[in-house]
Amino acid sequence: MCGIIGFTGGREAAPVLLEGLKKLEYRGYDSAGIAVAGGGRLTMVKTSGKIENLCKKVESTEISGKTGIGHTRWATHGAPNDTNAHPHMSPDGRFAIVHNGIIENFAELREELIAGGAEFLSETDTEVVVHLLSRYYDGDFKKALMKTVARLEGTYAIGAICSECPESVFVTKVFNPMIVGVGIGENFFASDVTALVSHTKNVIYLDDGELAELTPEGVTIYDATGKEIQKKVSRIMWDMEAAEKGGYDHFMLKEIMEQPHALKSAIDPRVKNGKAALSELCLSDEALRGINHIIITACGSAYYAGCAGKYTIEKLTRIPVSVELASELRYSDPIVDEHTLLIVLSQSGETLDTICAMRELKARGVSTVAIVNVVGSTIAKLADSVIYTYAGPEIAVATTKGYTTQVAVLYLFAVYMAEKIGKIDDAEAKRLTGEILQIPSNIQRAIDLNPQLPELAKKYHSNSSLFFIGRNVDYAVALESSLKMKEISYIHSEAYAAGELKHGTIALISENRLVIAIASYEELFDKMMSNIKEVKARGAKVLGVAREDMKKIVAEADDVIFVPNADPLFMVPSEIIPLQLLAYYVARENGCDIDKPRNLAKSVTVE
Ligand code: M6R
């Protein structure tokens, strides 16, 4: 969602801020702006729409200064117009701030400030912050900021500049991510490392309540009481090329194609002596043996990754697994005890509903394992154990390698736990791990097997509505494939457990309705063939998805996508690949903004 960049150094701030904002575009936004301190004043430029609009506006503005803040806004309070865009400046022009998150008590604060004579320009919750800063300022910027944030309830990351301190930029956070980039003679902060990595790989992850003051010479961090503290400087492990398109038309296509490599990074370091080994898991063998219920929670595709992982974990461990939407779990008064294990899935590690569900269960004494991609993210910090997926930066809003690496880590977890609790022996653990190690090459084969996908997209892209059907784990694949299709191609799509069609939905099947029938799960292949016949009998066109040895499907389906033969326990990552590609090519045919679909944000940091 919203993005923040801050800079101070020996060069003009505006170009650095604009470049940073371009790196943050992928998160989703509808307006953008910057503010710069220099010449004893602040200059602010902001606009609705794309960063290009902002760049044009900046070009025609006299803006000079070596310290500044920038923001991309995804509207929550008030329309995405120029006035509501960030930064927000105090009426006296002394302060400018940018804000991610939601100030929950803004209405009370606004009323109080208006009663004291303040005049508000925007409809945002954020504007209260600049008015509070003005009210509390007595010549000490840091003190004013600390007094201000002490009044705020809700979630925030706030960057602030002051015309009277042109070499300092402050940043603080509660609940929203914020990373300080430590450079030489210049320093930065950003809500996302992708905006920092072209400048420096040395970063400090701010914790809730901390305040950082950046000057060109250095970074000083304070705790919530204002006391100076020392923080570890971490090194970002990937470089700029990882966050660039590298010759592909879209990040999504690049990220799909990166999956053989991404899966290798997720799997290989976790195989020791031929067996799954999760050294990150802070759970003794005894604690593992005590678990009698596993809850997986997540949102969106990460939730569907959980749905896929459930089949394998249950099959191998014989422990019941419930997969819960985080936005529902948090309000469901869940039945848990010390024998429950919570597995949290999140690519970004910043999804607010997932964080809240996790906090809710942690408060009830449940042990938590997070499977996360972004290092140092909120979920990673909150978890008792964190297993990173090592997928590298994922820029496209539609997740691909984020999803498949989550599924692969769940597979490793299933084998690891099954052995630890005595459900499988050493030889079986080795055999199963050997199958998991095949996933990267199976993914490559899934890509190679299907050169016809752009043609299929041409044939089917104009359907206004379609169905994905599947059984067992293929149903989990249908759910994710359907989400992928609708979020980037804007085609209405539904995923159905194939056996459920007859209970109502088949009424929607009419002449030429496209049904994508996923039939790779061997045990239920014949049942799927019956479902295919049922929809064909009602005029549907069927695009079948089956394992390459299941040639019988050709007789029934109008077109077929083949996926590699693999152990049914570990098929999902290779099975989803052609369906990710199909969604991509359909969206391309439909002229959609593939990497930044309308109304969506990469990481959903509001409820
Ligand atoms: O960062 P997270 O994995 O927690 O994100 C969860 C969902 O918001 C995310 O998977 C979303 O559904 C994607 N747009 C799907 O492609």
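Order of listing sets the numbers, starting from 1, for every ligand and every atom in it. It should be emphasised that the depicted structure is a prediction, and the values quoted were computed from it without experimental measurement.
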| said: Taking only non-hydrogen atoms of T399, do any sit less than 4.0 angstrom from ligand 1? | reply: yes

| query | Is T354 near ligand 1, meaning one of its heavy atoms is under 4.0 Å from it? | reply | no

| Contact partition for K602 relative to ligand 1, non-hydrogen atoms under 4.0 Å | neither

| message | Please work out, at 4.0 Å between heavy atoms, whether the side chain, the backbone, both, or neither of E487 comes within that distance of ligand 1. | response | side chain

| Got more than 12 heavy atoms from elsewhere within 6.0 Å of NZ, K362? | yes

Check each atom of ligand 1 against the heavy atoms of [X] and keep those under 4.0 Å away; list them by number with element.
| X | result |
| --- | --- |
| A302 | 3 (O), 10 (O) |
| K484 | 15 (C), 16 (O) |
| A398 | 16 (O) |
| V397 | 13 (C), 14 (N), 16 (O) |

Answer yes or no: is there a donor N or O on one side and an acceptor on the other, between the side chain of [X] and the main chain of [Y], under 3.5 Å?
| X | Y | value |
| --- | --- | --- |
| Q347 | G402 | no |
| T368 | D384 | yes |
| D30 | G49 | no |
| R364 | P334 | yes |

| task | Out of I379, L352, T351, indicate the one that has the non-hydrogen atom closest to atom 2 (P) of ligand 1. | result | T351

| Counting heavy atoms only, which of G300, A298, C299 comes nearest to atom 6 (C) of ligand 1? | C299

Heavy-atom nearest neighbour in the protein, as seen from [atom], with distance rounded to 0.1 Å:
| atom | result |
| --- | --- |
| atom 1 (O) of ligand 1 | S348 OG, 2.6 Å |
| atom 11 (C) of ligand 1 | S301 N, 4.1 Å |
| atom 8 (O) of ligand 1 | V604 CG2, 4.1 Å |
| atom 3 (O) of ligand 1 | Q347 N, 2.6 Å |

| request: Could you tell me the separation between the CD1 atom of I295 and the NZ atom of K310, rounded to the nearest 0.5 Å? | output: 11.5 Å

| said: Testing the 3.5 Å rule here: is there a donor-acceptor pair between the side chains of D192 and T194? | reply: yes

| task | May I ask you to establish whether R598 and Y490 are in a cation-pi arrangement, using a distance under 6.0 Å from NZ or CZ to the six-membered ring centre and at most 45° from the ring axis? | result | yes

| said: For K401, is there an ion pair with E255 - N to carboxylate O distance below 4.0 angstrom? | reply: no

